[in-house]
Amino acid sequence: MAWKTLDDMDLNGKRVLVRVDINVPVENGVVTDTTRIDRTVPTIKDILAKGGLPILLAHFGRPKGKPVAEMSLRITLPALEAALGQTVTFVETPNGDDLKSLPAGSVVLVENTRFTPMEEANDPKMAAFLASLGDIYCNDAFSAAHRAHASTEGVARLLPSCAGRLMQEELEALDKALGNPARPVVAVVGGAKVSTKLDLLGNLVGKVDHLVIGGGMANTFLAAQEIDVGKSLCEHDLADTARSILAKAKDAGCEIILPRDVVVAKEFKAGAANDTVAPDAVAADGMILDAGPQTVAYIAQVLDAAKTLIWNGPLGAFEIEPFDAATNAAAKQAAALTKAGKLVSVAGGGDTVAALNKAGAAPDFTYISTAGGAFLEWMEGKELPGVAALSQG
Ligand code: AMP
């Protein structure tokens, strides 16, 4: 790959600017979930072990370019110190000379990069200032890599740069799933609406062998084929778009898998009375809320023969039982195949992570990305500025 890792850098005695994502949830001034902080620890410890001095850069919330007390990174300090098992020096306005005089073994956390409008504007003056504070730049914030900001992109162009461990892990997993995958590749794309996933579907049909379309968005594809989906969630105005995706898939030799049977209810409610019917037998007052067992059996057959799976979006209204059945069944099967060493499985996106956790399948997936926007842009085939900048130097 075009980017360097910590293994390629001589860090001894060097000040290493590390862009991390510690944008953690907070209630009443206390961090309620330390996952993001915990995941940066291997990178910080590696830098220390190699004799470097980590200077952490991060954003926190959306202060819109000015200091906001509730969005000070100071709030994260106790959790960060607990995760690292050492004290961390917090600096509000960093000064290169102060940082130079810190003893080896120190870790520095710099105040919220978004307290100035120069960060999100990717102002060259801010990038140059940040670059003056360090000798090496290390980006460990994949989840912020879809934004070209001073601390994610500008500074990377001014210093010798590398990926941190978390970024490296994420990029390697994503490369295995879509960059250079073992075939056949299956993509599962579900969720509420086609309109939010148009670029993603357009990119995937050119890259994968089978594309399972599920959830509310499958209804739009069914309706585009003159099937009456009753009161189901459906974007009728996107019928032409759906048809053009189907045509593009046909040209590319990608099999589109739509529901072969559907679970229908009259209300969007847990435990609602439901029927399983053919997609063209939905009553006028019926709502499709899940894929049926025949569909699940066919997806199972396709997964059995697959080498790679990439997944974004649930196959049904997974939050309300029993309409989580198709999502659970496919998730469990993918997890079992992965555990048996037969499948590389990569999934991402907020609802997807929740659905796979609910199915108890997440721990066995090869990689679960928590990167939200960056993961989706990567699935859409877009270049992520933070990753592209790493590839320069
Ligand atoms: P997304 O954020 O686009 O991944 O969509 C996830 C949401 O889609 C979840 O809240 C699901 O409940 C919802 N969803 C999935 N299938 C359906 C369906 N058939 N009808 C209505 N909502 C659905």
Side-chain angles (χ1 to χ4, degrees), residues 186-194 197 201 208-236 238-239 242 245-246 249 254-306 309-337 343 345 347 351-352 354-356 358-361:
V186 183
V188 172
V189 179
K193 291 185 170 176
V194 175
K197 297 193 182 170
L201 292 169
V208 306
D209 305 295
H210 310 272
L211 173 59
V212 177
I213 298 179
M217 57 198 294
N219 304 336
T220 301
F221 280 84
L222 294 172
Q225 297 176 89
E226 311 298 327
I227 291 173
D228 184 353
V229 294
K231 272 178 40 193
S232 304
L233 177 66
C234 180
E235 293 167 288
H236 291 283
L238 287 181
I245 290 171
L246 293 173
C254 166
E255 181 197 20
I256 299 269
I257 301 168
L258 286 168
R260 297 172 166 209
D261 54 345
V262 291
V263 182
V264 184
K266 293 205 164 57
E267 40 185 353
F268 191 96
K269 196 173 101 185
N274 60 85
D275 281 321
T276 300
V277 298
D280 61 1
V282 177
D285 60 350
M287 261 188 297
I288 301 173
L289 292 182
D290 199 9
Q294 276 182 44
T295 313
V296 169
Y298 185 62
I299 294 172
Q301 197 181 314
V302 172
L303 284 177
D304 264 336
L309 166 69
I310 170 141
W311 187 330
N312 173 263
L315 292 176
F318 77 98
E319 301 97 331
I320 49 169
E321 284 170 29
F323 308 105
D324 54 352
T327 304
N328 285 348
K332 285 191 170 128
Q333 206 216 352
L337 288 168
L343 187 71
S345 51
D351 274 316
T352 315
L356 297 184
K358 190 164 177 273

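What you see is a predicted model, and the numbers here were worked out from it, not measured in a lab.
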Self-check item: Closest contact, heavy atoms only, A218 versus I213
Solution: CB-O, 3.6 Å
Quiz item: Heavy atoms, side chains only, cut-off 4.5 Å: are T327 and K358 in contact?
Solution: no
Quiz item: Rounded to the nearest 0.5 Å, how far does CG of L289 lie from CG of L315?
Solution: 13.5 Å
Quiz item: Among K193, E235, K197, which residue meets the side chain to side chain contact (heavy atoms under 4.5 Å, CB included) test with M217?
Solution: K197
Quiz item: Looking only at heavy atoms, which two atoms of A325 and D290 are closest? And how far apart?
Solution: N-OD2, 3.3 Å
Quiz item: At their closest point, which heavy atom of A330 faces which heavy atom of I299, and how far apart are they?
Solution: CB-CG2, 4.4 Å
Quiz item: More than 12 non-hydrogen atoms from neighbouring residues, nucleotides or ligands closer than 6.0 Å to CD on Q225, yes or no?
Solution: yes
Quiz item: Does V212 reach the side chain of V302, with side-chain heavy atoms less than 4.5 Å apart?
Solution: no
Quiz item: For the residue pair A265 and F323, what are the closest heavy atoms and their distance?
Solution: CB-CZ, 3.9 Å
Quiz prompt | Distance (rounded to the nearest 0.5 Å) between I245 CD1 and L211 CG | solution = 9.0 Å
Quiz item: If every non-hydrogen atom of T352 is compared with every non-hydrogen atom of G313, which pair is closest and at what distance?
Solution: OG1-N, 2.8 Å
Quiz prompt | Any L337 side-chain heavy atom under 4.5 Å of L309 side chain | solution = no
Quiz item: Is there a side-chain contact (heavy atoms from CB on, under 4.5 Å) between L222 and I288 once you walk through the steps?
Solution: CA-CA 11 Å; L222 294 172; I288 301 173; 4.2 Å; yes
Quiz prompt | From N328 atom CG to F318 atom CZ, the distance as rounded to the nearest 0.5 Å | solution = 9.5 Å
Quiz item: side chain to side chain donor-acceptor pair (under 3.5 Å) with D304: which residues, sequence neighbours excluded?
Solution: Q333
Exercise. Write down the atom of N219, the atom of S232, and the distance for their closest heavy-atom approach.
Key: ND2-CB, 3.5 Å
Practice problem: Rounded to the nearest 0.5 Å, what's the gap from OG1 on T295 to CG on L258? Could you check? | Solution: 9.5 Å
Return all side-chain donor-acceptor pairs below 3.5 angstrom for residues 268-285, not counting sequence neighbours, or 'none' if the list is empty.
from : atom 1 : to   : atom 2 : distance (Å)
N274 : ND2    : A272 : O      : 3.1

